[in-house]
**Student:** 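Here it is, the structure in full.
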Amino acid sequence: MGILEVKNVNKRFGGLQALGDVNLSVAERTVHAIIGPNGAGKSTLLNCLVGKLIPDTGSVMFDGQSVLGRAPYEINQMGISRVFQTPEIFGDLTVMENMMIPCFAKRDGAFELNALSAVRGQKDIIERAEHMLVDMNMIDKRDMHAAAMSRGDKRRLEIGMCLSQEPRLLLLDEPTAGMARADTNNTIDLLKQIRDERDITIAIIEHDMHVVFSLADRITVLAQGTPLVEDTPEKIKGHPKVREAYLGENA
Amino acid sequence: MDAIILQILNGLDKGSAYALIALGLTLIFGTLGVVNFAHGALFMIGAFCAVSMQRLLQLSFETIDETQKDFLGNPLKVKTPYVESWFGPEVGATIIDWSVPLAIVLAIPVMLVIGYVMERGLIKHFYKRPHADQILVTFGLAIVLQEIIKHYYGANPIPTGAPAAFRGSFDFGVLLGFDPNVIIYPYWRMVYFAFAAVIVSAVFAFLQFTTFGMVVRAGMADRETVGMLGINIDRRFTIMFGLAAAVAGLAGVMYAPINSPNYHMGMDFLVLSFVVVVVGGMGSLPGAVLAGFLLGILEAFASMNEVKSILPGIDQIIIYLVAILILLTRPRGLMGRKGVMED
Amino acid sequence: FTNEPTGSTVTLGFNVPQTGPYADEGADELRAYELAVEHLNGGGDGGMMNTFSSKSLKGNGILGKKVEYVTGDTQTKSDAARASAKSMIEKDGAVMITGGSSSGVAVAVQGLCQEAGVIFMAGLTHSNDTTGKDRKANGFRHFFNAYMSGAALAPVLQNLYGSERRAYHLTADYNWGWTQQESIQAATEALGWQTVNNVLTPLAQTDFSSYIAPVINSGADVLVLNHYGGNMVNSLTNAVQFGLREKQVNGTDFEIVVPLYSELMAKGAGQNIKGIVGSQNWDWKLQDEGTKAFVQSFGQKYGFPPSQAAQTCYAQTLLYADAVERAGSFNPCAVGAALEGFEFDGLGNGPTLYRAEDHQCFKDVLVVRGAENPQDEFHLVEIVEVTPVGQVTYPHDHPMFAGGDLGKCNPGV
Amino acid sequence: MFGLDTKDTRLLLIVAALALLAPFLLNPFPDGSAMAQFNAGYPDLMQRFVIFGIFAIGFNILFGLTGYLSFGHAAFLGVGSYSAVWMFKLLGYNVLPGIVLSVIVSGLFAVVIGYISLRRSGIYFSILTLAFAQMSYNLAYSVLGNPSSNFNLTNGETGLQVYTSDPQLLQTAGAPDLPNLFGVTMRSSVQLDIGPWLFTFNAGYYLCAVIMLISFYVSVRIFRSPFGMMLRAVKSNQQRMHYTGLNTRPYTLAAFVISGMYAGLAGGLLSTMDPLAGAERMQWTASGEVVLMTILGGAGTLIGPVLGAGFIKYFENIFSKINEGVLHGWFGFLPDGMENAAVWVVEHFVGPGWHLTLGLLFMLVVTFLPGGLVEGGQRLLRLFSNRRERNKAAKSATQSKPAE
Amino acid sequence: MNVTPDFNKSANKASTAPAFLSVWDIHAYYGESYIVQGVNFNVHEGEILALLGRNGAGKTSTLRALARLGDPEIKHGEIWLDHQPLHNMASHEAAAAGLALVPEDRRIIPGLTVEENLQLAQIAPPIGWSLERVYDLFPRLGERRKQEGVTLSGGEQQMLSIARALCRDIKLLLLDEPYEGLAPVIVDEIEKTLITIKELGITTVIVEQNAVRALNLADRSVILDTGSVVFDGTAAEVLDNAELRAEYLAI
Ligand SMILES: Nc1ncnc2c1ncn2[C@@H]1O[C@H](COP(=O)(O)OP(=O)(O)OP(=O)(O)O)[C@@H](O)[C@H]1O
Ligand SMILES: Nc1ncnc2c1ncn2[C@@H]1O[C@H](COP(=O)(O)OP(=O)(O)OP(=O)(O)O)[C@@H](O)[C@H]1O
Ligand SMILES: CC(C)C[C@H](N)C(=O)O
Ligand SMILES: [Mg+2]
Ligand SMILES: [Mg+2]
């Protein structure tokens, strides 16, 4: 029984069957990659996991509890964090503040009227956030407006924000897209490190096969809304259907 | 039954005023993304185009009539309008009588020019600014326009009648098989309704059957990208603004005989028309028109005695109440588009 | 006492609407005030000072002090009006406040003057409450009120339209509207009229069609518009558009009545006002000496005849100055005592009494009608009848005015 | 100090100094001089400065931080005013119960309106708040205010006021018949004559000023608190907040209620300064006014709203009172023709024309100072400091050029 | 590396042929922040130039400056495209002069369908490919023509953005990370398309984190670091120079 169990999930957009009978089981403390052609429904699947979309039918269980019908913030408080395909950060806030907010959410829960204590005084939060910035190699951008960063930096910040929540399940939607090679490698190392050090399960969507094959324990290939195969990276690499439909010649 | 028919007619008429104003407003507000608090002022200026036309036609020369005295006991100065001396008293009087319809000719260029100047001189700097800034600047402009009008025309309403031919009222009831004089309705209000219908369809047609509408919609969502595709969006925004100003102005001209124009009539309408636009749904022209008629009719019904005696004061709050109910049940108003002014 | 003038000048506060729908009335009031100041200081032709029955004013200011004035904008909002009045008292040292053109504002400012210890000489305010429920020892009203309008109009209406009428009232839904409606209903019912209906209309309403339409089939044959200013202009225009004036009910002509009239409203309503009856406090076409003198000096200075707003404000200023002279002091209590029960003539309204019990002036009331063929823009209103003061006088504890208490005069600090 | 960092402490101290010395600062011109017209140091206006300052500070907590533009905040101002006057009517003229009740009642009112309106965002939220406030205004003006009905909550157009027949249960025999704080009436003043200057120190003003300082202090604390940061995050990206495990609704509702209570407090204070509450306080124009104050001063800044409030109230009260006579006084030194010309020109902008000036200033400020008056101030400061720095940096300038 | 201003716009270090696009010493600012700090390079007609560099190096800013978007603002420098002075133009004029940008965040216009997004590109002249031809190249777009553009999957949006540029008759195509978020097979497809485009004689500047792929395609390469040019040479030179690759591209 995996920490995440997706059963018979269906989702239609008008005439389009975006997800058709998706079944997926992610084992605890593994890295599970989801790959597949553009428009296969990968992001849609993630949306169903975090409460952005509600599947038409099917069930989604996290750690034995259903996530369906819960608000996104409740699902997050259950321990699921997500990095989006296009960076979602607090553009008007500084990098440091961006990093502090998830730390608060982790410490204080969904709402806390902490109106009269100074942010300055929140030593634990500051320490955590700074630590995370160091980890993400962006401490020098501490006081920068997040919106003014280049896109690769935004994405790194967003990953850092999710990690700082110490989620039990981390969902990554193309985390290294647009990231420079050096940082991609750093990110791979970081993810490896947290996978090894923490009690965390990772589900990752990526088109960069380098990332996928360096990280994944198992891979699910999604095509036209249904899982095509699920297997280990080695098997997937050699799978003829996958090569044809997705990887192409160069892989 | 007759009362209900009458109130529906009234509602349609109120609705056409709301719809016309909301239409112009939504062109700017829902399409260009500018919260234009000066829109009411444009409506008001339209109405004062009618007043000015009337004044213009009544321009007179003075002759002294020794036989009569003025209030200080001096000989009375008698005024004769130039048009009457040029075309003879009868034709002249008719021309003066028709000053409101004639004012349309005046209002179109005036409003286009005002719209052009306003957009090029002021609004264009505010497309990218927060809505709050737009409110501040257009509110400032509205005050300035009002004060200018007040300075020249005073604060009290100025009677601006419809042509004599339209002054009576029409007996609808007879058509529907009621007794005579039971359902009567003023001619000019029917003209107003028809006029509104024409303007609304013309604007729809313009935006629907030309690519112009699509471009402007796209421009509002993302100016930069539209520019990147070779389109000079600024020019189209200007045209759009001029169009909206003209619609507001014409609505004002034709409204002059219904309620005598005064300098604050724009502000009186402003808040309601914002409500109408938002209830209709941001960015939707049909929504604005539909909401205009809906609220107009509901307001007419709420002012019926039968209703008021059950719910005292309902006529004062009906529009707001309905607005709240609609916005709570339909997040984006009647026909609003997603993402337009939701943040 | 508050703001006792110590130097060679005395400051009066003219608090009028300069913005908002009554800005034109406000402008006319201000003209009258300036004229009054000029006359008090010995300038101009002296205006009604020459015809005023009390001869204490000498054209050398008030008690020998030159009159200066400050102005403020009430915006026709009680809040703004009070702020403006407070600043005149606190900052400019005004010893008397006058002006205003709405009852809400008058009551609010009157209350303030009572607390601050200065005299308030009300401008345009027609609600019964100003000298009824909300009367104050420091406040005085020269203008007439809703009850008087009813009392003056009713007999004329009976003469013109008979006593078998069925009236339908549209009433502005605020304090003045209510008292106006109550008064006119009582007065007409006393003559045998029936009241078919009374419908309250929102103050902010601009299009009255949905209130007018039900009148058509209500069986009523008179429409009473308890509206003022823009409200009245619009409701009357709408009523005419719906053909009410040509209408016949049960064989009689349908009639419209506008209880409270003004020249400026008549101007706003244009054609539609012709032949419609109402009441006024004063009209420049009156032929008494005071009126003639006032119209002459106002007309010379500004080029058009004064409105009733102007006359009221002018008279209030002279009355105040005169009372100070007679009392020999600016002390509000002394001035109040001098005004209470004061009888005078020559200010355009005929013999007038400032009644001690409620500080309301009692004088003749005009019943007027929109002129059919005005010779010029100043003759829009013609006088139908001058209702003698006796007919509009009521006991100070009349139920419509009950619940008030003048309190004690307050001279302030 | 006070749990603030040095910069904020300095700001607070400056504001405190300005507020406490206002009777001096606002009366710079000697009495009787031509410029005395511009003096604003009289109790009523000073009270208005600080009271509307409180209103705007509170509004800014909602609008400046979360970006939710309420167009109905005047409703809370009005409710606060009515509550305070009702306390005068029922209990007596001590201002404390009035002030307390105004905050409580407006808070409750804000909970209801906020709970419903915050289901929507953007313009839809604005219109919902507007609709609630306009309903309150219309009802207060008419149905709920008819003196002849049994249920006269607001006394309509005239405004709610205290009548001698009111119960005033706690009013003791000797207590003043005016709003007072344990016997000190709000109206009482001490005057100080220094040469041609006359300075007025008014009890009511100081009460309001102290409350304003407390409000300001609380608002600084909120701005610098985690809560304040969350509110800014709401403005920036609600989506992200949700997926970070934060429920935005209680945050926005808390901000809404806090700012509603500030508005109620301001309303209550208005009534204690002048015990009459009019319905116009709830009209949309009043809601619009606080929006304008906040933007004009600089939304989202600490001090901006107070500046904006002062600016607008100054115009309303000072410029509207400049009349022709005053102008002739000013330009009297000119030859007659020029005097008249000058008066004619200026006349359009003062007295009855003060709206015109205000409108023009709105346009100019927002066009040229996008951050409001605060930005104007910053630019001035920068201008000075730049000049100083430029002198310093003159020598090393050659090196700082971009080098590859 | 110090590039001196080159007044002879037709001169070029890599070759003596006349430059088609000449970027000469541009300095550009976002408000106060000085980002593009003197960029020079020339591109010949029909060439593909790979513009490379780390996250935040200023690649996007440079492209945006070329496309004459309001931000960043060029305070100094000149840009010539086929003898036309782009630096004097507004973005719509630059577009009319034959420039098209495929922006990094794709910029699909909300509220418009896929087809409307394409039609929008065909309003102002010069107009390029017909819709049929575009749908031939990207059949997925044809299938989704009535769908709202922003609801497309990430990869589909990328296709739409490129397709939109092709709807215009262009001389110069600026691509900002065109492969990002695309499945490997599609990347192959797009690469083929770019070769087709090159064959049509369209000059291209491509910014890409997948440097090897971009360099394989490109004729020449320019590397940016903190807003200025650190290398200007042939693509082969970069591929051969391991030191350079390691320092600036981490490959
Ligand atoms: N809100 C929506 N309305 C209509 N169609 C949608 C919506 N959201 C997604 N789709 C469609 O559903 C399909 C799956 O989209 P999804 O974003 O899940 O793809 P993906 O696998 O993440 O692709 P990519 O790798 O390109 O990001 C796509 O064809 C897309 O166009
Ligand atoms: N709007 C802005 N305001 C201020 N600075 C900005 C803005 N946009 C970008 N910058 C800054 O300019 C620098 C260059 O950014 P740019 O987006 O051009 O980099 P890039 O090379 O495209 O990076 P990436 O590979 O991450 O997309 C970055 O340091 C970034 O922080
Ligand atoms: C101006 C007044 C004569 C009438 C006004 N409506 C009032 O309240 O009294
Ligand atoms: Mg995706
Ligand atoms: Mg980039």
Side-chain angles (χ1 to χ4, degrees), chain A residues 13-16 18 35-44 84-87 137-138 140-141 144-145 147-157 173-174 176-186 205-210 212 221-223 225 242-251, chain E residues 30-33 35 52-61 71-72 103-106 108 138 140-141 143-144 146-148 150-159 176-189 191 207-213 216 245-251:
Chain A
F13 294 114
L16 176 81
I35 62 173
N38 296 114
K42 305 180 294 294
S43 300
T44 305
F84 284 83
Q85 190 163 0
T86 36
N137 197 9
M138 26 188 3
D140 55 323
K141 303 207 161 64
M144 198 166 167
H145 239 35
M149 289 198 299
S150 77
R151 207 157 48 114
D153 290 340
K154 286 180 186 159
R155 179 147 284 147
R156 273 194 298 146
L157 174 62
D173 199 347
E174 304 193 27
T176 66
M179 214 183 257
R181 193 82 269 159
D183 288 314
T184 303
N185 291 337
N186 285 343
I205 296 177
E206 241 324 327
H207 289 298
D208 184 338
M209 288 307 116
H210 174 62
V212 172
V221 182
L222 211 60
V242 177
R243 287 196 80 91
E244 181 206 0
Y246 180 66
L247 295 176
E249 322 305 313
N250 300 357
Chain E
Y30 290 101
E32 305 267 282
S33 35
I35 299 297
L52 306 175
R54 294 201 178 110
N55 290 128
K59 308 178 293 294
T60 298
S61 306
D71 259 355
E104 65 180 353
D105 37 11
R106 296 152 188 156
I108 306 307
F138 299 111
R140 281 201 83 84
L141 296 182
E143 289 161 23
R144 298 201 168 1
K146 292 279 168 258
Q147 188 174 326
E148 190 184 340
V150 286
T151 62
L152 290 176
S153 84
E156 290 163 346
Q157 291 189 23
Q158 187 65 50
M159 297 175 204
D176 200 349
E177 312 207 11
Y179 301 156
E180 189 202 303
L182 293 183
V185 266
I186 307 289
V187 174
D188 294 344
E189 282 297 311
E191 197 165 50
V207 167
E208 192 35 70
Q209 288 301 351
N210 194 339
V212 179
R213 267 202 119 115
N216 282 331
R245 285 196 338 245
E247 183 169 359
Y248 294 110
L249 306 175
I251 45 175

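Letters go in sequence order (proteins before strands), and every chain restarts at 1. Nothing here was measured: the structure is a model prediction, and the numbers come from that model.
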**Student:** Pick one of side chain, backbone, both or neither for E177(E), based on which atoms fall under 4.5 Å of a heavy atom in chain A.
**Tutor:** side chain
**Student:** Quick one, K59(E) and Q209(E) - any side-chain contact, counting heavy atoms below 4.5 Å?
**Tutor:**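 The answer is yes, as the side chains (C-beta and beyond) meet within the 4.5 Å cut-off.
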**Student:** Applying side chain to side chain contact (heavy atoms under 4.5 Å, CB included), can you list everything that pairs with D173(A), at least two apart in sequence or on another chain?
**Tutor:**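 Here the qualifying residues are S43(A), L46(A), R82(A), Q85(A), I205(A).
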**Student:** Are R54(E) and D183(A) packed together at the side-chain level, in the sense that at least one heavy-atom pair is separated by less than 4.5 angstrom?
**Tutor:**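 When only atoms from C-beta onward are counted, D183(A) and R54(E) do not touch, as no gap falls below 4.5 Å.
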**Student:** Looking only at heavy atoms and a cut-off of under 4.5 Å, which of L182(E), I35(E), T60(E), D176(E) has the most pairs with chain A?
**Tutor:**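 Result: the option with the highest number of such pairs is L182(E).
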**Student:** Chain E: which of E206(A), E174(A), R156(A) shares the most heavy-atom pairs with it under 4.5 Å?
**Tutor:** E174(A)
**Student:** Name all residues meeting the side chain to side chain donor-acceptor pair (under 3.5 Å) criterion together with Q147(E); count only those two or more places apart in sequence or in a different chain, and write none if there are none.
**Tutor:** T151(E)
**Student:** Relative to chain E, which segment of M149(A) carries a heavy atom at a distance below 4.5 Å: side chain, backbone, both, or neither?
**Tutor:** neither
**Student:** Hey, which of E180(E), E143(E), R106(E) has the most heavy atom pairs under 4.5 Å with chain A?
**Tutor:**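 Going by pairs under 4.5 Å, I would pick E180(E).
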**Student:** With a 4.5 angstrom heavy-atom cut-off, could you sort out which part of I186(E) is near chain A: side chain, backbone, both or neither?
**Tutor:** side chain
**Student:** Can you tell me if E156(E) uses its side chain to pair, donor with acceptor, with the backbone of R140(E) under 3.5 Å?
**Tutor:** no
